[in-house]
Amino acid sequence: MSETLEIKETKSSDFIREIIDNDNETGKHAGRVATRFPPEPNGYLHIGHAKSICLNFGIAKQYGGTCNLRFDDTNPCKEDTEYVDSIMSDVRWLGFDWQDRMYYASDYFEKLYNYAVELIKLGKAYVCDLNAEQIREYRGTLTEPGKNSPYRDRSVEENLDLFQRMRNGEFPDGTRVLRAKIDMASSNMNMRDPAVYRIRHAHHHRTGDKWCIYPMYDFAHCLSDSIEAITHSICTLEFEIHRPLYDWYLDVLKVKDHPQQIEFARLNLTYTVMSKRKLLQLVTEKHVTGWDDPRMPTISGMRRRGYTSEAIRKFCELIGVAKADSTVDVSLLEHCIREDLNRRSQRVMGVLRPIKLVIDNYPEGKTEELDAINNPEDSDAGYRKVTFSRELYIDSEDFMEEPPKGFYRMSPGKEVRLKAAYYVTCTDVVKDGQDNITEIHCTYDPETKGGTSNDGRKVKGTLHWVNASDCIDAEVRLYGPLFKSVNPSAVEDFLTDINPCSLQVLKNCKLEKSMAGGQAGYTVQFERLGYFCVDQDSSDDKLVMNRTLPLKDTWAKVSQKS
RNA sequence: UGAGGCGUAGCCAAGUGGUAAGGCAUCGGUCUUUGGAUCCGACAUUCCCUGGUUCGAAUCCAGGCGCCUCAGCCA
């Protein structure tokens with residue numbers, strides 16, 4: 001018996017964990033496991049980052065190791081403290097804790113400078129006076145080797161002097177660059193004397209104007225990993241070709257800790273743009289209200305839309321980690337959200353497109369308090385009271401005067417159940433001059449209180465409803481996918497791909513009175529309609545709900561077929 | 001056309017010489033006071049292709065084909 005339990009609890013392994021297991025067996029890092037999540041603070045975190053966060057923190061937890069949060073802030077032009085704040089809050093919300101291990105690459109600027117000086121002394125770096133365009137010409141192409149810079153053979157002394165003067169601010173941007181002296185004929189373009197430091201007279205979000213030279217990613221990243229004694233530096237596939245350079249810097253500088261870079265495939269999702277550049281464009285050009293717009297694939301957007309961190313973590317676990325490029329179907333994400341929300345969310349009745357329902361044989365002025373179950377998936381969730389009276393609202397989509405076959409909600413002469421209340425039968429409709437239905441009339445069977453008949457009579461449809469006199473008015477925002485294309489990253493002009501119908505605002509929606517005072521972030525399931533989350537824009541006199549996800553609508557499929 | 005990676009179902013993904021896990025999606029059916037959820041069932045004679053080795057190949061070998069990444073003083 002315990003055997004099956006163990007099998008059930010076995011963690012799914014992946015190739016990264018295999019590498020770590022192997023390292024632990026051979027004692028490569030003395031059994032230590034240290035990872036890091038290293039975002040550049042130049043935008044908000046999105047669902048793609050969640051995969052990396054879950055991976056890095058998950059591995060650290062599994063092996064009893066540590067995971068650092070490190071801001072890779074080596075390019076002052078793009079970075080901002082607004083982004084570091086949002087990143088910290090999103091990582092926490094996802095449920096991960098870096099404890100006291102929060103670092104910045106900019107913390108290491110002095111050390112990195114000294115490493116660069118060391119490189120020069122070793123004869124492995126030189127100051128190059130070529131401009132950007134010339135460097136590109138000298139670099140050669142994928143099929144032709146590059147040629148050496150005329151400045152490649154400067155003396156160590158001259159290089160040291162020039163590099164010091166670069167730091168002192170004696171040269172304008174773009175006039176000189178420190179380069180690693182490797183091999184201009186390398187088949188790997190990254191090894192053709194890559195830049196190590198560039199001049200940028202720019203204000204840095206943390207170091208201010210202290211520096212006017214900044215290290216490049218390849219130089220700063222491997223050394224930051226080494227300084228923090230990271231054992232496994234996990235990154236995405238596009239850095240695979242940088243690994244020889246990662247190792248070159250660490251080998252040449254003979255550092256004590258030499259982490260291993262491991263690459264995995266980044267997350268792509270159908271119908272979802274993950275490019276930070278494009279997401280930034282959506283924000284700055286105001287196609288969305290901000291980084292946390294519920295249509296955005298950002299962590300904060302998803303949170304505002306009512307996605308839970310548990311569900312996002314589950315998703316990251318299910319998609320797996322491999323080296324093959326892949327595009328996960330967004331239906332898997334939605335499945336994870338539904339599974340979680342179905343288990344935990346309060347059921348509430350809501351009417352998006354209200355139409356008056358009058359029960360003619362129900363006494364005027366009478367009201368009843370009926371018990372409605374809070375969550376059939378959770379036996380501890382209990383019941384709540386809903387008021388019932390002669391005048392109610394139902395959703396206009398739940399009534400058809402001439403129903404097609406297969407429709408089993410309300411239509412003239414057909415008996416249906418009002419959830420948790422009574423069986424009712426439509427007797428009449430009232431119309432205005434334009435043939436629009438303004439009111440539906442019905443009769444109820446007093447013997448069916450609670451929604452069951454004691455003569456065993458069954459009913460096919462169950463409608464949700466709210467009491468007309470004490471329901472809550474709300475604005476409901478229906479969010480669809482922001483993008484229509486299956487793979488928007490492949491679309492050159494992605495803005496043409498934004499779905500203009502992706503946000504539909506419904507005013508005058510009616511919710512049952514239990515929704516009064518709902519706090520932002522409170523997620524419920526409106527019976528039959530989907531999952532909804534109280535938006536942060538809600539106030540005491542205006543309830544704003546975001547639709548997290550619709551329920552799977554089987555009726556829609558039935559009607560499509562016929 | 002250089003180098004480095006990667007090809008298992010509609011989408012992810014296990015599998016590492018012993019006869020193709022699992023999840024999503026889809027399609028049936030059951031149940032239901034949500035047309036949701038639940039439950040039950042179906043869904044790769046074959047792993048990019050072609051040869052070879054072997055009693056036996058998705059796994060090993062050879063040769064093809066396809067896709068991704070790299071020519072920033074971005075990360």
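Side chains are part of it too, since the values below use all heavy atoms of this structure and drop only hydrogens, waters and symmetry mates. First the proteins, then the strands, lettered A, B, ... as listed; each starts at 1. No experiment lies behind these values; they were computed from the predicted model shown.
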query = Just checking, any donor-acceptor pair under 3.5 angstrom between side chains of A:Asp455 and A:Ser453?
reply = yes
message = When you measure from the side-chain N and O atoms of A:Arg277 to the phosphate of B:C74, is any distance below 4.0 Å, counting only OP1 and OP2?
response = no
query = Which whole-number value in Å describes the distance from A:His464 NE2 to B:G35 C1'?
reply = 11 Å
inquiry  = OP1 or OP2 of B:C74 versus the side-chain N and O atoms of A:Arg198: is any pair under 4.0 Å?
reply    = yes
ask   = Got a donor-acceptor pair under 3.5 Å from the side chain of A:Glu339 to the base of B:G23?
value = no
remark   = pair_partner(B:C67), Watson-Crick or wobble, both distances < 3.5 Å, evaluates to B:G5
request  = Check whether any side-chain nitrogen or oxygen of A:Arg136 sits under 4.0 Å from OP1 or OP2 of B:G72, and answer yes or no.
outcome  = yes
message = Mind checking if A:Asn131 touches a base, just sugar-phosphate, or nothing, with heavy atoms under 4.0 Å?
response = base
Salt-bridge criterion met for A:Asp340 and A:Lys314 (N-O under 4.0 Å) = no
key: Nearest-angstrom distance from the residue atom CG of A:Leu333 to P of B:C24   = 14 Å
ask   = With a non-hydrogen cut-off below 4.0 angstrom, is A:Thr327 in contact with a base, only sugar-phosphate, or nothing?
value = sugar-phosphate
ask   = Would B:G72 be called syn or anti, given that syn covers angles within 90° of 0?
value = syn
note = Contacts of A:Thr523 meeting side-chain contact (heavy atoms from CB on, under 4.5 Å) (sequence neighbours excluded), chain-then-number -> A:Leu341, A:Cys533, A:Thr548
note = 5'-most contact on RNA chain B (nearest-nucleotide basis), A:His242 vs A:Trp555, goes to A:Trp555
ask   = Heavy atoms under 4.0 Å, any strand shown: does A:Lys552 hit a base, just sugar-phosphate, or nothing?
value = sugar-phosphate
query = Between A:Glu397 and A:Arg409, is the closest basic N to carboxylate O distance under 4.0 Å?
reply = no
query = If we take the C1' atom in both B:A25 and B:A71, what is their distance in whole Å?
reply = 41 Å
inquiry  = OP1 or OP2 of B:G23 versus the side-chain N and O atoms of A:Lys314: is any pair under 4.0 Å?
reply    = no
key: Closest listed nucleotide, where the reference is the side chain of A:Ala195 and the choices are B:A71, B:C73, B:U34   = B:C73
query = Can you tell which of B:G35, B:U69, B:C12 lies closest to the side chain of A:Arg409?
reply = B:G35
request  = Write down the distance separating the P atoms in B:G2 and B:U59, rounded off to the nearest Å.
outcome  = 26 Å
note = Between CG of A:Asn75 and C1' of B:A75 the distance, given in whole Å, is 8 Å
task = Choose from B:A71, B:C12, B:A37 the nucleotide whose nearest atom is closest to any side-chain atom of A:Ile319.
result = B:C12
message = Students often mix this up, so state it plainly: with edges at 30° and 60°, are the rings of A:Tyr217 and A:His221 parallel, tilted or perpendicular?
response = tilted
query = How close or far is atom C1' of B:A75 from atom CD1 of A:Ile87, stated in whole angstroms?
reply = 12 Å
query = Where the side chain of A:Leu551 is defined as all heavy atoms beyond and including C-beta, which of B:G2, B:C74, B:U34 is the nearest nucleotide?
reply = B:U34
Contact under 4.0 Å: A:Arg139 side-chain N or O vs B:C73 OP1/OP2 = yes
remark   = Taking B:G4, B:C70, B:U26 as options, the one with an atom nearest any side-chain atom of A:Leu142 is B:C70
request  = Please work out if A:Leu341 contacts a base, only the sugar-phosphate, or nothing of the nucleic acid, heavy-atom cut-off 4.0 Å.
outcome  = nothing
ask   = A:Arg243 near the nucleic acid: base, sugar-phosphate alone, or nothing, with a heavy-atom cut-off under 4.0 Å?
value = nothing
query = Where the side chain of A:Asp72 is defined as all heavy atoms beyond and including C-beta, which of B:A13, B:A37, B:A75 is the nearest nucleotide?
reply = B:A75
key: Check: B:G36 base within 3.5 Å donor-acceptor of A:Asn342 side chain   = yes
inquiry  = Using Watson-Crick or G-U wobble geometry with both distances under 3.5 Å, which nucleotide pairs with B:G56?
reply    = none
ask   = For A:Thr554, which contact category applies under a 4.0 Å heavy-atom criterion: base, sugar-phosphate, or nothing?
value = sugar-phosphate
B:G35 OP1/OP2 closer than 4.0 Å to side-chain N/O of A:Arg528 = yes
message = Counting the atoms with a prime plus P, OP1 and OP2 as sugar-phosphate, which does A:Lys78 contact under 4.0 Å by heavy atoms, base, sugar-phosphate, or nothing?
response = base
message = Should the side chain of A:Glu527 and the base of B:U34 be counted as holding a donor-acceptor pair, with the cut-off at 3.5 Å?
response = yes
query = Under 4.0 Å: is that the gap between some side-chain N or O of A:His335 and OP1 or OP2 of B:C24?
reply = yes
key: Nucleotide of B:U16, B:C6, B:U34 approaching A:Lys323 most closely (side-chain heavy atoms)   = B:C6
Closest listed nucleotide, where the reference is the side chain of A:Pro376 and the choices are B:G2, B:C74, B:U34 = B:U34
query = Just checking, any donor-acceptor pair under 3.5 angstrom between side chains of A:Tyr138 and A:Asp193?
reply = no
query = If you look at every strand shown and take non-hydrogen atoms under 4.0 Å, does A:Phe407 touch a base, only sugar-phosphate, or nothing?
reply = base
message = Any base atoms under 4.0 Å from A:Ile135, or only sugar-phosphate, or nothing? Heavy atoms, all strands.
response = base
ask   = What nucleotide, of B:U34, B:C24, B:C73, holds the atom closest to the side chain of A:Ser331?
value = B:C24
query = Over how many whole Å does the gap from A:Ile373 atom CD1 to B:U38 atom P extend?
reply = 16 Å
request  = Could you tell me whether A:Glu40 and A:Lys78 make a salt bridge, using a distance below 4.0 angstrom between a side-chain N and a carboxylate O?
outcome  = no
task = Give one of base, sugar-phosphate or nothing for A:Ala324, where a contact means two heavy atoms less than 4.0 Å apart.
result = sugar-phosphate
inquiry  = Counting only side-chain heavy atoms from C-beta out, which of B:U34, B:C73, B:G15 sits nearest to A:Glu18?
reply    = B:G15
task = Give none if B:C39 has no partner; otherwise give the nucleotide forming a Watson-Crick or G-U wobble pair with it, both distances under 3.5 Å.
result = B:G29
query = Across all strands shown, which nucleotide pairs with B:C47 by Watson-Crick or G-U wobble geometry, both distances under 3.5 Å?
reply = none
request  = Please report the closest heavy-atom contact between A:Ser411 and A:Met400, naming both atoms and the distance.
outcome  = CB-O, 3.0 Å
Gap between atoms CD and C1', on A:Glu137 and B:G72 respectively (whole Å) = 15 Å
ask   = A:Thr74 side chain N/O closer than 4.0 Å to the phosphate oxygens (OP1, OP2) of B:A75?
value = yes
task = Using a heavy-atom cut-off of under 4.0 Å over every strand shown, decide if A:Gly406 touches base, sugar-phosphate, or nothing.
result = base
message = Give me the distance, rounded to whole Å, that separates B:G72 from B:G15 when you measure between the P atoms they each carry.
response = 39 Å
note = Residue pair A:Asn190/A:Asn42 against RNA chain B: nearer the 5' end by closest nucleotide is A:Asn190
request  = To the nearest Å, give me how far apart NE2 (A:His49) and C1' (B:A75) are.
outcome  = 10 Å
request  = Mind checking A:Val348 for me? I need base, sugar-phosphate or nothing, with any heavy atom below 4.0 Å counting as a touch.
outcome  = nothing
request  = Using a 4.0 Å heavy-atom cut-off across all strands, classify A:Phe239 as base, sugar-phosphate, or nothing.
outcome  = base
query = Taking atom P in both B:C6 and B:A44, what distance in whole Å separates the two?
reply = 28 Å
request  = Using the P atom as the reference point in each nucleotide, state the distance between B:A21 and B:A62 in Å, no decimals.
outcome  = 29 Å
ask   = CG of A:Asn268 versus P of B:C12: gap in Å, rounded?
value = 9 Å
query = So what does A:Glu40 hit on the nucleic acid, given a heavy-atom distance under 4.0 Å: a base, only sugar-phosphate, or nothing?
reply = sugar-phosphate
